[in-house]
Amino acid sequence: MTHPPASPASPAAFDDMTEAMALPRVVRVGEGLYAAVFNLMKLLPAKHIIERARQGGALAPGAPVLETSSGTFALGLALVCRRLGHPLTIVGDPAIDTDLRTRLEMLGTRVEIVDDFDAPGGIQGARLARLEQLRRESPESFVPGQYDNPGNPAAYLPVAELLAGALGRVDRVVGPVGSGGSTGGIASALRLFGGEVELVAVDTPGSVIFGLENGPRPLRGLGSSILPGNVAHEAYDTVHWVSAAAAFDATRRLFSEHGVFAGPTSGAAHLAARWHAERDPHGTTVVVFPDDGFRYRDTVYSRPWLEAQGMWAPELPAAPRPVEPPHGLHPHWSVASWGRRPSPAAAVFSA
């Protein structure tokens with residue numbers, strides 16, 4: 001049987017799912033507002049860091065990989081390590097839900113949970129302490145170190161190239177900040193291309209990244225109990241703090257209004273990005289959506305769960321409250337001009 005030649009417009013064939021899932025789709029979600037929609041954004045830095053460690057000799061064939069994560073970086077590493085034949089141990093905390101843990105273990109990952117929320121640096125400090133202990137016990141292992149490895153922000157160069165090619169000029173990048181890799185990496189690359197790009201961080205109360213005290217963070221995957229080395233504070237122009245309830249509400253509206261089935265950090269980012277885009281209708285704003293919503297079907301997308309948590313239909317402001325951190329934050333949504341200032345002089349790690 002003779003088959004017709006492939007059309008030049010046909011989709012590319014990928015060697016494996018890590019290649020197919022690495023880059024986002026660029027989707028219009030408002031006037032002058034475009035989203036970089038990832039299925040699993042943290043796959044990109046996981047793949048970049050592991051492949052370069054193998055190329056540079058820091059990770060020998062078959063050697064173990066150790067990392068701390070309770071979210072999508074763990075899943076990205078699990079996919080990459082499974083494909084390349086590296087045993088993976090993830091040190092996480094109770095935020096690793098049953099669904100995520102099942103997927104990690106199906107990929108051959110050993111999951112270790114720590115729950116010392118009163119440790120210096122909070123639960124992330126406890127996770128890092130346990131990771132260091134495991135590293136000493138296994139000196140041949142490789143630790144990707146997503147919080148400090150410069151390969152994390154460097155991994156997002158292809159995303160910046162994709163955005164520049166699809167949209168031309170980009171005036172503003174808005175995205176959630178955890179390790180600091182995605183927003184900082186994308187904006188720095190776009191600035192290298194010659195654009196004067198405004199960079200907007202989306203954080204959450206209880207996160208120390210932009211000068212608040214450490215505290216409970218029901219909105220996981222956003223913010224941190226430590227100051228990650230990859231957060232280049234001097235790159236950010238504006239910071240928003242969005243509560244869990246506001247993020248969950250925005251996530252549901254993102255799906256109902258635009259059909260984007262995403263996780264709650266995407267909802268938080270969209271809330272802030274839409275506000276900026278409405279104030280600058282002639283500019284081009286790009287918002288980063290890090291992951292899909294399947295992990296959150298029984299929580300963020302469940303009205304009974306939201307009602308049980310006291311987070312159903314919160315009374316949200318129409319616009320963020322302007323503040324000078326750490327004072328006067330609105331319970332749900334605040335904004336501050338960061339002005340590319342340096343890292344906060346001191347973070348208070350109190351429980």
Side-chain angles (χ1 to χ4, degrees), residues 6 9-29 34-56 58-59 65 67 69 71-86 88 90 100 103-104 106-109 142-147 149-167 170 173-190 192-193 221 230 260-263 265-266 269 286-295:
S10 299
F14 296 97
D15 289 336
D16 59 77
M17 281 302 294
T18 63
E19 298 289 342
M21 295 170 61
L23 292 178
R25 293 153 291 171
V26 181
V27 180
R28 184 177 179 272
V29 290
Y34 296 84
V37 183
F38 288 87
N39 288 108
L40 182 62
M41 183 182 74
K42 291 297 186 75
L43 174 61
L44 192 61
K47 182 174 178 294
H48 182 86
I49 291 170
I50 292 297
E51 289 179 348
R52 273 144 190 78
R54 286 166 56 92
Q55 293 167 4
L59 176 60
V65 175
E67 181 60 301
S69 172
T72 52
F73 190 65
L75 186 56
L77 277 176
L79 287 164
V80 174
C81 289
R82 181 71 168 190
R83 177 172 70 88
L84 296 177
H86 295 282
L88 173 64
I90 290 293
L100 177 58
R103 286 192 284 172
L104 291 172
M106 286 182 68
L107 290 165
T109 302
F142 173 73
V143 177
Q146 64 162 323
Y147 298 114
N149 192 325
N152 182 350
Y156 291 93
L157 173 61
V159 180
E161 293 173 336
L162 175 66
L163 293 171
L167 303 175
V170 174
V173 172
V174 182
V177 176
S179 69
S182 59
T183 50
I186 293 170
S188 64
L190 289 172
L192 285 174
F193 298 163
N230 276 328
V260 178
F261 189 53
T265 60
S266 299
V286 170
V287 57
V288 178
F289 292 165
D291 63 347
D292 61 38
F294 291 100
R295 184 182 171 193

Inset, instruction - Check the side chains of Asn152 and Ser179 for a donor-acceptor pair under 3.5 angstrom, ignoring hydrogens and angles. - result: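 Per modelled atom types, Ser179 and Asn152 side chains form a pair under 3.5 Å.
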Legend entry - Contacts of type salt bridge (charged side-chain N to carboxylate O under 4.0 Å, His left out), residue Arg82, not counting sequence neighbours: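 Listed in chain order: nothing, the list is empty.
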Inset, instruction - Return the set of residues passing salt bridge (charged side-chain N to carboxylate O under 4.0 Å, His left out) with Arg28 (not counting sequence neighbours), or none when no residue passes. - result: Glu31
Calculate, to the nearest 0.5 Å, the distance between atoms [atom1] and [atom2] belonging to [X] and [Y] respectively.
X	Y	atom1	atom2	result
Thr72	Leu79	OG1	CG	11.0 Å
Arg25	Phe289	CZ	CZ	11.5 Å
Ile50	His86	CD1	NE2	6.5 Å
Glu161	Leu190	CD	CG	10.0 Å

Legend entry - Test item: Asn230 side-chain N/O and Asn149 main-chain N/O as donor-acceptor pair under 3.5 Å: yes
Legend entry - Short side-chain to backbone donor-acceptor contact, Asn39 and Met21, under 3.5 Å: no
For residues [X] and [Y], report the shortest heavy-atom separation together with the two atoms involved.
X	Y	result
Ser266	Asp291	OG-O, 3.9 Å
Leu88	Ala74	CD2-O, 4.2 Å
Pro158	Leu23	CB-CD2, 3.9 Å
Gln146	Ser69	NE2-CB, 4.1 Å
Val80	Ala46	CG2-C, 4.3 Å
Ile49	Gly151	CG1-C, 4.0 Å

Student check: side-chain heavy atoms of [X] and [Y] closer than 4.5 Å:
X	Y	value
Leu75	Leu107	yes
Ser182	Pro290	no
Phe38	Pro24	yes
Leu163	Tyr156	no
Val288	Met41	yes

Legend entry - Neighbour count above 12 (heavy atom, 6.0 Å) for Asp16 CG: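 For Asp16, atom CG is crowded (more than 12 foreign heavy atoms under 6.0 Å).
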Legend entry - Counterpart residues, ring-ring contact (aromatic ring centres under 6.0 Å, His included), relative to Phe294 (two or more places apart):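 Testing Phe294 for ring-ring contact (aromatic ring centres under 6.0 Å, His included), a comparison that skips the adjacent residues, returns Phe261.
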